[in-house]
*Asks:* 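What follows is a single structure, and I will ask about it in a moment.
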Protein chains: 2
Amino acid sequence: MAEDDTRVTRAPSIRDVARIAGVSHQTVSRVLNNHPSIRVETKARVQRVMDDLQYRPNRAARVLVTSRSRTIGVVAYQAAHYGPASSILAIEQAARAEGYFVNTVNLEATDPESIGQALGHLLDQAVEGLVILAPQVRVFETFDELNLSVPFVTLQSAGASRNTLSVDQVTGARLATRHLIDLGHRHIHHLAGPQDWIEAEARMHGFLTEMSDRDLPATAPILGDWSADFGYHAGRELLRVRDFTAIFSANDQMALGFIHAVREAGLDVPRDVSIAGFDDIPEAAHFWPPLTTVRQDFPELGRRAVALLLGRLSDDDRPEVGLVPDLVVRGSTAPPPF
Amino acid sequence: MAEDDTRVTRAPSIRDVARIAGVSHQTVSRVLNNHPSIRVETKARVQRVMDDLQYRPNRAARVLVTSRSRTIGVVAYQAAHYGPASSILAIEQAARAEGYFVNTVNLEATDPESIGQALGHLLDQAVEGLVILAPQVRVFETFDELNLSVPFVTLQSAGASRNTLSVDQVTGARLATRHLIDLGHRHIHHLAGPQDWIEAEARMHGFLTEMSDRDLPATAPILGDWSADFGYHAGRELLRVRDFTAIFSANDQMALGFIHAVREAGLDVPRDVSIAGFDDIPEAAHFWPPLTTVRQDFPELGRRAVALLLGRLSDDDRPEVGLVPDLVVRGSTAPPPF
DNA sequence: ACCAGTCATGTGCACGGTCACATCGCGTTC
DNA sequence: GAACGCGATGTGACCGTGCACATGACTGGT
């Protein structure tokens, strides 16, 4: 019966606001985008109506006409770990503070097909920029080949290229290695990450460089998978020969597993074996013994990625310096037994 | 000069495809939404043109006209931790598999204003559903008061209401407590999580219930903040009196810190003190000693949340059963010293 | 042979914003 | 005092898609 009444209460549009405020829809649009030439009085009136109606601009309509989505995409891999999770969290917060939305895709695998699919998903969203947090060689290669029309920043990729941002892994690894050498260790093994991870490669490189600079023989690194499980099994293996006095592990989890193996063998850390890790996860300070490790600032990395991306988006390009990691010395390292 | 040429290469639209394929835009639309009545031949032709043009449907336009965003929002708090991070990851993957997008907002604080702001951000995106992963009493209260028009599922909220999904925390806590009691412990302290966290409350409740069922005196739980740091400091405090033989910690991190304190006091786990945790983070198996803990399946929780939400969205409601946690017995628990 | 029903396809409009351009009043310049 | 610039506002088209409805061809029952 009430024919002139809007049947299903539709969300108020810019025109509804305009009608009630007694202005044109364009004036409302101007208020929304705070255009300079609007009388304060008019602006206030429109604003009041918007508040009364609890008006919310329709993003889809806006995106449609401006073709700007104000969304950035994040491509992540194995992001349940502390490091990437912290970075992603920081990315979201930083982006939101700038009025951007974040859409994350978690890769299940790193083959080109999975990547293509993930990317398609993000492109459907018309993302304006991409942060890639899947630091594997093949992932980067795939992205390079894709010739994206969207600007992107890669994290943890250890390169020095323009669109890459990372903590200086090589320096971090050298810091840890140097620390062990300075303590008097001569036989140090490196528990590396998976071969195809860029960070793993960089840390390994740092380790090997430092060793050779100090004229120490470096045995072939053991290639692991980042997990505590692997560290444990590697430890059991290595302890059968025991031709080392110190271990530099490419992350804290593997270090933890290694310590487990050492203890299980009836040996002590750091009395019999010194161990240094990488990342400084919040738990590392409470390992037994507390772990000497290399700290990197994951949230800061995320924030910078957003700054770089948004800076780039607005053609306001400034070079970013690499983040420098810190060595945190705790109880897991000591001079070797003699 | 080339006047009929599209100047700035605009992305191809449904009409471009239509023109080239020699059909109407509506037919293309039908192909897109695979409408039943289309000749296979026509469909194939259109599809080919779409491929040639690398046509991608414009989501904004689609959202605008259908007012369905196919996006679900996630509200998270302290999501860098293993548990929530794993759930969120699983949510994203499950949602993507269903063609949905996920937009996560990470709360910086849990006051109503922060929540309102976060929610506004998500509503701007026209989310069709919400998963709330911020298991604090005040957060839920705020959401209840908000009277959302969007369906939402709360995770980790331990209630039995219709839109709540969680691992049965009370049962988990009782399992761990019972295990300690069965080993012969009589004086057990509970290291609880922050009072306003629903999970913390539930675990505490489970602990107290089990203790009283077995006619054992329960001392007031120590209210912590989930961190290993707190566990460590609590341990140092408690060990000065040492009126207990076992500890049930509300999460693995605090358990780790506690072990640290025990060791630092020159005591042994489990010889002098038994310790059980909660969550079974991947590192727990390699603590020293490996931690007895309660495992919960975070990814499964995330997947179910999506299923529940999408099921609800399509009015295809089926009740979900609570997830049951498992007790994983490792080396950190043993009979008490006598 | 006629009408109804279905299939395959086309036509025009609506969704809710923004953009380009038009309009109008008013102060300023020569 | 006519031309001009500029501030404040309005008008209509357009972004890319889906929906309601229309159309025409063909099928089948009577």
Side-chain angles (χ1 to χ4, degrees), chain A residues 6-47 49-50 53-71 99 101 123-126 128, chain B residues 6-47 49-50 53-71 99 101 123-126 128:
Chain A
T6 329
R7 42 228 79 186
V8 201
T9 36
R10 212 188 67 252
S13 83
I14 204 178
R15 286 171 223 265
D16 298 324
V17 175
R19 187 163 23 81
I20 298 177
V23 294
S24 75
H25 65 104
Q26 177 59 11
T27 299
V28 179
S29 172
R30 289 200 180 92
V31 172
L32 239 39
N33 300 285
N34 47 28
H35 188 92
S37 55
I38 282 213
R39 261 195 312 168
V40 277
E41 184 198 305
T42 311
K43 182 168 181 172
R45 183 152 38 99
V46 171
Q47 209 102 41
V49 176
M50 296 202 301
L53 261 51
Q54 294 192 281
Y55 167 77
R56 304 195 79 92
N58 183 317
R59 224 177 69 86
R62 200 175 254 180
V63 171
L64 178 59
V65 69
T66 58
S67 55
R68 298 209 52 200
S69 66
R70 295 210 140 239
T71 296
F101 294 86
L123 290 182
D124 281 347
Q125 279 278 40
E128 291 179 27
Chain B
T6 329
R7 43 226 81 188
V8 200
T9 37
R10 214 187 65 251
S13 83
I14 205 180
R15 294 188 146 88
D16 298 323
V17 175
R19 187 163 24 81
I20 298 177
V23 295
S24 75
H25 68 101
Q26 178 57 12
T27 299
V28 178
S29 173
R30 290 202 179 90
V31 172
L32 239 39
N33 300 286
N34 45 30
H35 187 91
S37 55
I38 281 211
R39 259 195 311 169
V40 278
E41 184 197 304
T42 311
K43 183 168 181 173
R45 185 154 37 100
V46 171
Q47 210 103 41
V49 176
M50 297 202 300
L53 260 51
Q54 295 193 283
Y55 166 78
R56 302 196 80 92
N58 183 316
R59 224 177 69 87
R62 205 175 246 185
V63 171
L64 177 59
V65 70
T66 59
S67 54
R68 298 210 50 198
S69 66
R70 296 210 138 238
T71 296
F101 294 85
L123 290 182
D124 281 347
Q125 279 277 40
E128 291 179 26

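Convention: sequence-line order gives letters A, B, ...; per-chain numbering from 1.
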*Asks:* Toward the 5' end of DNA chain D, which comes first, A:Arg39 or A:His25, by nearest nucleotide?
*Replies:* A:Arg39
*Asks:* Could you pull out the closest heavy-atom pair between B:Phe101 and A:Asp124, with the gap in Å?
*Replies:* CZ-CB, 4.1 Å
*Asks:* Strictly below 4.0 Å, N to O, side chains only: are B:Glu128 and B:Arg68 in salt-bridge contact?
*Replies:* yes
*Asks:* Starting from the first five and the last five pairs of the helix from C:dA1-D:dT30 to C:dC30-D:dG1, work out the angle between the resulting helix axes, to 10 degrees.
*Replies:* 40°
*Asks:* Any side-chain heavy-atom pair from B:Ile14 and B:Gln26 closer than 4.5 angstrom?
*Replies:* no
*Asks:* Rounding to an integer number of Å, can you tell me how far B:Arg56 CZ sits from D:dG16 C1'?
*Replies:* 15 Å
*Asks:* Can you tell me how far P of D:dG16 sits from OH of B:Tyr55, to the nearest Å?
*Replies:* 10 Å
*Asks:* Does A:Arg15 reach a base, just sugar-phosphate, or nothing at all? Heavy atoms under 4.0 Å.
*Replies:* base
*Asks:* Tell me the interatomic distance from A:Gln26, atom CD, to D:dG7, atom P, rounded to whole angstroms.
*Replies:* 17 Å
*Asks:* Could you please name the option among D:dA8, D:dT11, D:dT17 that lies closest to any side-chain atom of A:Ser24?
*Replies:* D:dT11
*Asks:* On a plain distance test, is the side chain of A:Arg30 in donor-acceptor contact with the base of D:dG10 below 3.5 Å?
*Replies:* yes
*Asks:* Looking only at side chains, do B:Ser37 and B:His35 share a donor and an acceptor under 3.5 Å apart?
*Replies:* yes
*Asks:* So A:Asn58 and A:Ser13, do their side chains get closer than 4.5 Å, heavy atoms only?
*Replies:* no
*Asks:* OP1 or OP2 of D:dG18 less than 4.0 angstrom from a side-chain nitrogen or oxygen of B:Ser29, does that happen here?
*Replies:* yes
*Asks:* Given atom CZ of B:Arg10 and atom C1' of D:dC14, what is their separation to the nearest angstrom?
*Replies:* 11 Å
*Asks:* Give the rounded distance in Å between these two atoms: NE2 of B:His35 and P of D:dT17.
*Replies:* 18 Å
*Asks:* Looking only at heavy atoms, which two atoms of B:Val63 and B:Ser69 are closest? And how far apart?
*Replies:* CG2-CA, 3.9 Å
*Asks:* Using a heavy-atom cut-off of under 4.0 Å over every strand shown, decide if B:Thr42 touches base, sugar-phosphate, or nothing.
*Replies:* sugar-phosphate
*Asks:* Show the nearest heavy-atom pair for residues B:Asp16 and B:Arg19, with the distance to one decimal.
*Replies:* OD1-NH2, 2.8 Å
*Asks:* Taking any atom closer than 4.0 angstrom to a non-hydrogen atom of chain B, what span of DNA chain C does the protein reach, first nucleotide to last?
*Replies:* C:dC7 to C:dG16
*Asks:* Would you kindly compare B:Leu64 and B:Pro36 by the position of their nearest DNA chain C nucleotide and give the one closer to the 5′ end?
*Replies:* B:Pro36
*Asks:* At their closest point, which heavy atom of B:Gln54 faces which heavy atom of B:Pro12, and how far apart are they?
*Replies:* O-CG, 4.5 Å
*Asks:* Using a cut-off of 4.0 Å on non-hydrogen atoms, how would the nucleic acid contact of B:Val63 be classed: base, sugar-phosphate, or nothing?
*Replies:* nothing
*Asks:* Nearest heavy-atom pair of B:Leu32 and B:Pro57: which atoms, and what distance?
*Replies:* CD2-CB, 4.3 Å
*Asks:* Would you mind reporting whether B:Val46 and B:Glu41 have side-chain heavy atoms less than 4.5 Å apart?
*Replies:* no
*Asks:* Return the value, rounded to whole Å, for the distance between atom CG of A:Asn58 and atom P of D:dG16.
*Replies:* 17 Å
*Asks:* What is the distance from CZ of B:Arg70 to P of D:dT17, rounded to the nearest Å?
*Replies:* 16 Å
